[in-house]
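Letters A, B, ... are given to chains in the order of the sequence lines, protein chains preceding strands, and every chain is numbered from 1.
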Number of protein chains: 4
Amino acid sequence: MEFRDNEAIYLQIAEHVSDNILTGKWHAEQRLPSVRELAIELEVNPNTVMRSYEFLQKQEVIYNKRGLGFFVAPDADKMVKAYKKERFLKQELPEVFRTMVLLGIKFEDIQKRYEQYTK
Amino acid sequence: MEFRDNEAIYLQIAEHVSDNILTGKWHAEQRLPSVRELAIELEVNPNTVMRSYEFLQKQEVIYNKRGLGFFVAPDADKMVKAYKKERFLKQELPEVFRTMVLLGIKFEDIQKRYEQYTK
Amino acid sequence: MEFRDNEAIYLQIAEHVSDNILTGKWHAEQRLPSVRELAIELEVNPNTVMRSYEFLQKQEVIYNKRGLGFFVAPDADKMVKAYKKERFLKQELPEVFRTMVLLGIKFEDIQKRYEQYTK
Amino acid sequence: MEFRDNEAIYLQIAEHVSDNILTGKWHAEQRLPSVRELAIELEVNPNTVMRSYEFLQKQEVIYNKRGLGFFVAPDADKMVKAYKKERFLKQELPEVFRTMVLLGIKFEDIQKRYEQYTK
DNA sequence: GTGGTCTAGACCACC
DNA sequence: GTGGTCTAGACCACA
């Protein structure tokens, strides 16, 4: 996996994991790949994956059974969705609007691009 | 000036400067505040402002006249605009669309929020 | 290491590093000394070494792996060589020729000195 | 006049003046352009020209008659020539040879380029 | 006055 | 351990 180098790798991994939960690829109570497995797959240091899991555990998106591994929390998908939606609407979207105004980009242009994107 | 602490101060200053150029507040060939002046105004170390100016100079948005100070480059406004537009359309916008699809947010909802934002 | 005081130390360090790359002493993908290590070795401030590495990174001669250090870029040797050759042939050599004409130095004289130099 | 920005302007002006002396454009005892005149011609601050003249005066290439201006010293051409030759042979040339070896440039190649240059 | 460089030392996130 | 950023303060050449 390719990582952007302007953002911490462990956060990108956490994002990757929660995306998988959101899309239903990993369902509630399912066991996540072990830290080592995922580390090998993503070609990163196990410590880095561990940090991602700790991060997600703190948000109660995943939980840990000692000796067994990490598991997707029961309502993980809803939590992730709520969290992302909040962040999107409160932070990202206003920033997008601000940039549009600054650059003089019309809303119609955005609409066209959206239609192309979803096509 | 207040700085977000998730982004380097010198980059925020650079952003601040290029925003001023973009909005026409600082026009081509105009002399920028000296490193020391801006440092005092923004309450940061002169080295930090220096890094911002170096950063912008590298992008040819501003240039330096020995012993005189930094000046806005002739086509700085166009350059900044082109650069920001590129980044917005190629990087930020696709990311927004991706999030919309992921979260199941309808385009009409975005439109409503945009109308509220510009009101 | 001794530094000339008519040129910035960080540039001399960068030159030193790229010379090492050019001569094959440091090969592609090899890890460079850490900022702190090199700073101690050269008896300069870590910030100064950092500036050198930033400078070389900007030119894509070296690159950074987060938390691991700086590494010689894959084609660094070719890049450095091409860069230096360009500078030599387009800038330095014409200047030398110009000086020769100005001072009335014959090419044969240069040739003799070159033979002495390589002896 | 265009100045390189990696070298002090006053030194470039001094070089310009001594080149004129060397080529015989300005002969012994001739009056140099006044500080102000040259400053206007070269579009620099008079202080900068003054510094160039002081620099050349210190080397006894030019001298000053109070109230009348600066004049080319009697043996200026020989002095300049000797000075430049010294610098060229002791400093510049060895550096050129060093670069040639480093880059693997053959002497024959230099010769060809020299013939092209003088053609 | 201007920028440019450097030191000393600190704190931080990250791997 | 690694780099990255920042402060405080200094000295210098230059215009």
Measuring from the side chain of B/V35 (C-beta onward, heavy atoms only), which nucleotide among E/dG3, F/dT5, F/dG4 has the closest atom?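 Selected nucleotide: E/dG3.
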Rounded to whole angstroms, how far apart are [atom1] on [X] and [atom2] on [N]?
{"X": "A/F55", "N": "E/dC15", "atom1": "CZ", "atom2": "P", "answer": "13 Å"}
{"X": "D/Y10", "N": "F/dA13", "atom1": "OH", "atom2": "P", "answer": "9 Å"}
{"X": "A/I13", "N": "E/dC15", "atom1": "CD1", "atom2": "C1'", "answer": "11 Å"}
{"X": "C/K65", "N": "F/dG4", "atom1": "NZ", "atom2": "P", "answer": "15 Å"}
{"X": "D/I9", "N": "E/dT2", "atom1": "CD1", "atom2": "P", "answer": "17 Å"}
{"X": "B/E54", "N": "E/dG4", "atom1": "CD", "atom2": "P", "answer": "7 Å"}
{"X": "C/M50", "N": "F/dT5", "atom1": "CE", "atom2": "C1'", "answer": "9 Å"}
{"X": "D/L11", "N": "F/dA13", "atom1": "CG", "atom2": "C1'", "answer": "10 Å"}

Dot-bracket, 5' to 3', for DNA chain F please: Watson-Crick or G-U pairs under 3.5 Å, [ ] where pairs cross earlier ones, | where the partner sits on another strand, dots elsewhere. ||||||||||||||.
Quick one, which residues of residues 36-49 of chain B touch DNA chain F with a heavy atom under 4.0 Å?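 Nucleic-acid contacts, sorted: B/V44, B/N45, B/N47, B/T48.
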Under 4.0 Å: is that the gap between some side-chain N or O of C/R66 and OP1 or OP2 of F/dT2?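 Answer is no, no contact under 4.0 Å.
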Are A/R51 and E/dA13 close enough that a side-chain N or O sits under 4.0 Å from OP1 or OP2?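 It does not, given that no N or O in the side chain of A/R51 lies less than 4.0 Å from OP1 or OP2 of E/dA13.
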Euclidean distance, A/S18 OG relative to A/K84 NZ, rounded to 0.5 Å: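 Separation between the atoms: 4.0 Å.
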Closest heavy-atom contact between B/V44 and B/I9?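 What the structure gives for the nearest pair is CG1-CG2, 4.1 Å.
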Could you give all pairs that pass the ring-ring contact (aromatic ring centres under 6.0 Å, His included) test and reach residues 16-35 of chain C, with sequence neighbours left out?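 Qualifying pairs, neighbours excluded: none.
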Decide, yes or no, whether a salt bridge links B/R87 with B/E15 under the criterion of side-chain N to carboxylate O below 4.0 Å.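 B/E15 and B/R87: salt-bridged.
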